[in-house]
*Asks:* 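Structure provided below as structure tokens; questions to follow.
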Amino acid sequence: MDDYAVPAPSSRRHLDFGPPRNGASSRCDVIIDLTGGTPLFPADHKRDGYLRADPNSPAAVQALLFKAADLVGEFDKPRYVDYRADLCAHSRNRRTGCTRCLEVCPTGAITPNGDHVALDPFVCAGCGSCHAVCPTGAASYALPPADAILERLRVLLSTYHQAGGKDAVLLVHEGEHGLPLLDLLARVGDGLPARVLPVAVNEVTQLGIEFFASALAYGAAEVRVVTAKRSRSDRAALAHVLGLAETVASGLGYGSGRCGLLEADDPDELAFLLAGLTRRPGVAAKSFLPMGDKRALMKLSLRQMHAAAPAPVPVLPLTPGAVFGGLDINVDGCTLCLACVQVCPTGALSDNPEKPQLSFTEDACVQCGLCKNTCPEKVISLVPRLDFTDAARTPRVVKEEEPAHCITCGKAFGTKSTVERIVAKLQGQHWMYAGGAAALGANPIDRIRMCADCRVVAQASHTLDPYAGPARPRPRTAEDYE
């Protein structure tokens with residue numbers, strides 16, 4: 001810290017500070033910031049132990065001091081997000097793939113760490129944005145987990161429908177902002193309409209596509225998320241998920257406006273917004289148990305939403321950046337090098353150990369782009385879409401070629417077309433592969449048609465004369481430029 005000064009012990013009526021100095025360091029558990037300037041940390045309102053108030057507001061300063069006085073003792077910081085590095089699709093072989101969590105983390109708790117990312121639990125503030133946008137489930141919210149929230153939705157909506165309720169509107173809110181509004185609306189207002197069902201979550205930014213898809217599949221007519229007009233939280237992840245939910249709902253015949261935000265700072269404003277909602281019917285509810293990890297819940301909820309859709313389509317195009325989709329592979333340019341198979345983090349791209357073959361399973365693709373960035377021939381492009389057909393869950397052969405067999409032992413190695421292409425490039429064009437004896441293996445070009453073991457034997461049996469090549473070019477001198 002700069003301008004660091006220690007208060008003098010002899011201070012009486014007010015604090016007298018000693019001479020300030022720059023570059024000082026201090027270790028502490030609680031920081032009270034009364035500068036009124038820029039916060040010391042990003043997303044400062046989510047930093048435990050960092051208290052900041054307007055110094056010109058005595059009430060705010062007094063509330064801050066009371067809050068600081070209560071911070072006594074020790075506590076275990078909650079681990080909001082469970083992270084599994086083996087599922088992360090951030091990078092492979094120094095090629096960058098998915099960066100969604102890095103783009104939405106407001107506190108900087110997530111940083112690149114080689115092929116994966118590193119999540120600092122002491123900096124993580126629990127907003128859940130990484131969970132909302134993670135395509136593989138490497139980052140999953142733990143307070144509570146996603147399947148527990150979906151189970152609450154299932155019980156809530158099934159009970160509501162069994163009691164004769166119709167056209168339910170889910171009102172999703174946080175405890176810090178939403179509960180006071182609902183409490184005041186119930187005590188001094190008319191309360192919530194009968195068809196509006198409140199759902200409390202830890203953070204509204206933790207909601208993924210599985211939440212909205214399950215809500216509509218369970219029979220909810222609308223889903224509305226309550227936030228403050230000037231929210232201190234970064235809502236980029238929530239906006240992305242809401243956009244995806246609206247795209248899917250519109251494409252499946254639910255209509256637009258099924259999922260959205262309600263920005264309200266007082267109970268009267270919230271009541272006015274709820275009264276202005278157009279009543280629209282929900283679809284026939286589907287009953288299913290939410291089971292599996294984050295990725296499994298995403299696929300399950302979307303399939304159930306498709307099954308309950310008024311106008312289902314087999315394939316639904318999505319906007320770029322979606323976490324679902326397929327690949328467009330230029331088969332003519334593919335050489336079956338299988339570099340894409342090596343970097344695919346989910347196994348969507350696979351090979352066949354028995355023969356040169358490339359297969360693709362669309363249901364497993366997370367659109368990370370690692371295959372596209374790794375392909376040396378640049379023949380792969382991403383196609384964001386949702387394929388609801390059974391073919392998306394079945395491996396599909398993209399390209400298959402005849403294997404090359406060793407001319408000595410007959411073992412299969414590589415692809416025949418690639419080997420013959422190399423032979424055509426080198427034969428007669430390079431002095432090392434020009435001519436040779438008639439015996440098998442004596443001709444250097446034959447070694448390209450051999451497997452790795454036979455090639456070594458041929459190389460050791462027939463020594464290549466390094467001086468058999470053409471004469472070296474004459475060095476250039478100043479006379480050549482006269």
Side-chain angles (χ1 to χ4, degrees), residues 78-92 97-102 104-105 109-110 113 115-119 121 124 126-155 199 201-218 237-238 240-241 244-245 248 286-307 318 322-325 344-350 361-368 370 386-388 390 392-395:
R79 184 181 289 270
Y80 297 100
V81 177
D82 291 331
Y83 174 70
R84 290 184 55 184
D86 58 317
L87 298 179
C88 184
H90 170 59
S91 175
R92 295 292 187 277
C98 178
T99 59
R100 294 178 175 90
C101 61
L102 295 170
V104 300
C105 182
I110 304 177
N113 185 26
D115 286 348
H116 314 292
V117 298
L119 192 151
C124 175
C127 68
S129 296
C130 54
H131 165 91
V133 300
C134 182
T136 63
S140 58
Y141 208 71
L143 294 175
D147 57 347
I149 296 182
L150 298 190
E151 178 63 16
R152 286 171 51 194
L153 287 184
R154 186 185 71 84
V155 174
V199 179
V201 295
N202 189 34
E203 298 281 350
V204 294
T205 49
Q206 77 185 68
L207 303 177
I209 184 60
E210 69 279 355
F211 180 90
F212 298 96
S214 296
L216 295 178
Y218 283 137
L238 179 60
H240 173 77
V241 174
L244 177 59
V248 176
K286 292 291 181 179
S287 179
F288 62 94
L289 292 176
M291 302 177 63
D293 56 9
K294 165 70 184 306
R295 181 71 182 180
L297 290 174
M298 292 168 64
K299 294 186 289 188
L300 172 64
S301 60
L302 286 169
R303 283 197 293 268
Q304 294 295 331
M305 181 180 175
H306 177 265
L318 300 177
V323 297
F324 304 98
C344 182
T346 62
L349 289 164
S350 58
T361 307
E362 183 166 334
D363 199 49
C365 181
V366 297
Q367 299 285 285
C368 64
L370 282 171
L386 263 173
D387 191 340
F388 296 101
D390 293 336
R393 297 187 284 274
T394 305

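Everything numeric here is computed off the predicted structure, so don't read it as measured data.
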*Asks:* With a 4.5 Å heavy-atom cut-off, do Val81 and Cys124 have their side chains touching?
*Replies:* yes
*Asks:* Would you sort out whether Met291 and Leu300 count as a side chain to side chain contact (heavy atoms under 4.5 Å, CB included), showing the intermediate values?
*Replies:* CA-CA 8 Å; Met291 302 177 63; Leu300 172 64; 5.5 Å; no
*Asks:* Apply side chain to side chain contact (heavy atoms under 4.5 Å, CB included) to residues Arg393 and Arg303 and explain how you reach the verdict.
*Replies:* CA-CA 12 Å; Arg393 297 187 284 274; Arg303 283 197 293 268; 3.2 Å; yes
*Asks:* Quick one: does Arg79's side chain get under 4.5 Å of Leu143's, heavy atoms only?
*Replies:* no
*Asks:* At what distance, to the nearest 0.5 angstrom, does CG of Leu386 lie from CD of Glu362?
*Replies:* 8.5 Å
*Asks:* If we ignore hydrogens and angles and just use 3.5 Å, is the side chain of Thr205 paired with the main-chain N or O of Cys127 as donor and acceptor?
*Replies:* yes
*Asks:* Mind listing the closest non-hydrogen atom pair of Phe288 and Tyr218 along with its distance?
*Replies:* O-OH, 2.9 Å
*Asks:* Using side-chain heavy atoms (C-beta onward) and a distance below 4.5 Å, is Gln206 in contact with Ile149?
*Replies:* yes
*Asks:* Just verifying a value: how many Å separate Ile209 CD1 and His240 NE2, rounded to the nearest 0.5 Å?
*Replies:* 8.5 Å
*Asks:* Does the Tyr141 side chain pair with the main chain of Ser129, one donor and one acceptor, at a distance under 3.5 Å?
*Replies:* no
*Asks:* Counting C-beta onward and ignoring hydrogens, is there a side-chain heavy-atom pair between Tyr83 and Pro121 closer than 4.5 Å?
*Replies:* no
*Asks:* Can you tell me how far apart SG (Cys365) and CG (Asp387) are? Round to the nearest 0.5 Å.
*Replies:* 11.5 Å
*Asks:* Using the rule given for side chain to side chain contact (heavy atoms under 4.5 Å, CB included), can you reason through Leu87 versus Lys294, listing the C-alpha separation, both sets of side-chain angles and the distance that settles it, and then say yes or no?
*Replies:* CA-CA 11 Å; Leu87 298 179; Lys294 165 70 184 306; over 6 Å; no
*Asks:* Do you know the tightest heavy-atom contact between Arg92 and Ala89?
*Replies:* NH1-CA, 4.4 Å
*Asks:* Side chains of Phe211 and Val241: closer than 4.5 Å at any heavy-atom pair?
*Replies:* no
*Asks:* Rounded at 0.5 Å granularity, tell me how far CD in Glu151 sits from OG in Ser214.
*Replies:* 11.0 Å
*Asks:* Check whether any side-chain heavy atom of Phe324 lies under 4.5 Å from a side-chain heavy atom of Met298, and answer yes or no.
*Replies:* yes
*Asks:* How many angstroms lie between atom CD1 of Ile110 and atom OG1 of Thr99, to the nearest 0.5 angstrom?
*Replies:* 11.5 Å
*Asks:* What closest approach, in Å, do His90 and His116 show between heavy atoms, and which atom pair accounts for it?
*Replies:* CD2-O, 3.4 Å
*Asks:* Between OG1 of Thr394 and CG of Asp363, what distance do you get to the nearest 0.5 Å?
*Replies:* 9.0 Å
*Asks:* Are any of the side-chain heavy atoms of Leu318 and Val248 separated by less than 4.5 Å?
*Replies:* yes
*Asks:* Over all heavy atoms of both residues, which pair between Leu297 and Ala146 is shortest? Give the atoms and the distance, please.
*Replies:* CD1-CB, 3.8 Å
*Asks:* Taking all heavy atoms of Met305 and all of Leu216, pick out the closest pair and write down the distance.
*Replies:* CE-CD1, 3.6 Å
*Asks:* List the steps, then state whether side chain to side chain contact (heavy atoms under 4.5 Å, CB included) holds for Cys98 with Val366.
*Replies:* CA-CA 9 Å; Cys98 178; Val366 297; over 6 Å; no
*Asks:* Considering all heavy atoms of both residues, which atom of Ala139 and which atom of Cys134 are nearest to each other, and what is their separation?
*Replies:* N-SG, 3.6 Å
*Asks:* Do Thr346 and Arg295 come close enough that some side-chain heavy atom pair is under 4.5 Å?
*Replies:* no
